[in-house]
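Comments concern the structure below.
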Amino acid sequence: MKPINNHINYIELKALDLEVVKTFYTKVFGWQYTDYGERYTSFEASGIAGGFEKTELPITNGALIVIYNDNLKAVKAKVIELGGKLSVDIFSFPGGQRFQFLDPSGNELSVWCPEQ
């Protein structure tokens, strides 16, 4: 299914141990995985696409909501104009580009698009 502009279409979670978390969600919910190296795995068969990123840091707010927008630079400018703050500037990853920002309340979200 083609992503829809301005819709949430991905959720990224943190994990201390990818194998443990994959086993947990597979056995509890039947999720399926695609590994991208030693530090990332995406999941499917969950109702919404998502992934787990390996971290060594304590997890206090482990979910990253990811919003699709086909004009990354324009939406980045709008985020900043309206009081958001960049937490991670635009970077490439397998499948596209994204940035992360803090909203005016301090919630961290991400916006992505295919490689431009």
**Report entry** No-hydrogen, no-angle side-chain donor-acceptor test under 3.5 Å, Q100 and S87
**Finding:** no

**Report entry** Euclidean distance, K14 NZ relative to L57 CG, rounded to 0.5 Å
**Finding:** 8.0 Å

Requested in this report: Carefully, step by step, assess E12 and S110 under the rule side-chain contact (heavy atoms from CB on, under 4.5 Å).
Outcome: CA-CA 9 Å; E12 196 166 272; S110 182; over 6 Å; no

Query raised in the report: Charged N to carboxylate O below 4.0 Å: is that the case for E56 and R39?
Result: yes

Query raised in the report: Which of parallel (below 30°), tilted (30 to 60°) and perpendicular (above 60°) describes Y33 and F43?
Result: perpendicular

Query raised in the report: Is D17 paired with K54 through a side-chain N to carboxylate O contact shorter than 4.0 Å?
Result: no

Query raised in the report: Do F93 and L13 share a hydrophobic cluster, counting only Ile, Leu, Val, Met, Phe, Trp and Tyr and linking them when any side-chain heavy atoms are less than 4.5 Å apart?
Result: no

Query - Distance (rounded to the nearest 0.5 Å) between I65 CD1 and I48 CD1 - result: 7.0 Å

Report summary line: Between Y10 and S42, the two heavy atoms sitting closest are OH-CB, 3.6 Å

Query raised in the report: Could you state the interatomic distance from CD (E53) to CD1 (I59), rounded to the nearest 0.5 Å?
Result: 10.0 Å

Query raised in the report: Taking NZ, NE, NH1 and NH2 as the nitrogens, is one of them in K78 or E81 under 4.0 Å from a carboxylate oxygen of the other?
Result: no

Report task. Could you pull out all residues at least two apart from W112 that satisfy ring pair (Phe, Tyr, Trp, His ring centres under 6.0 Å)? Result -> Y68

Query - CG on N9 to NZ on K2, rounded to 0.5 Å - result: 10.5 Å

Query raised in the report: Any side-chain heavy atom of N6 sitting closer than 4.5 Å to one from N69?
Result: yes

Query raised in the report: What heavy-atom pair brings G83 and P104 nearest, and what distance separates the two atoms?
Result: O-CG, 4.3 Å

Query - Side chain to side chain, V66 and I11, heavy atoms closer than 4.5 Å - result: no

Report task. Flag the pair F24 / F29 as yes when their ring centroid distance falls below 6.0 Å, and as no otherwise. Result -> no

Query raised in the report: For L102 and G106, which heavy atoms make the closest approach, and how far apart are they?
Result: CD2-O, 3.7 Å

Report task. Would you please test K76 and D89 for side-chain contact (heavy atoms from CB on, under 4.5 Å) and show each step? Result -> CA-CA 9 Å; K76 174 187 160 185; D89 206 350; 2.8 Å; yes

**Report entry** Reported CG-to-CD1 distance for the pair L109 and I8, which is rounded to 0.5 angstrom
**Finding:** 7.0 Å

Query raised in the report: If two hydrophobic side chains count as joined below 4.5 Å and joins carry through other members, does F52 share a cluster with V28?
Result: yes

Report task. Might you work through the side-chain contact (heavy atoms from CB on, under 4.5 Å) test for L64 and R98, ending with a clear yes or no? Result -> CA-CA 12 Å; L64 180 66; R98 76 181 207 193; 3.6 Å; yes

Query raised in the report: Between D35 and K22, is the closest basic N to carboxylate O distance under 4.0 Å?
Result: yes

Query raised in the report: Quick one: CG on L82 to CZ on F101, what's the gap to the nearest 0.5 Å?
Result: 10.5 Å

Report task. Determine, stepwise, if the pair V88 / F99 fulfils side-chain contact (heavy atoms from CB on, under 4.5 Å). Result -> CA-CA 6 Å; V88 179; F99 69 91; 5.9 Å; no

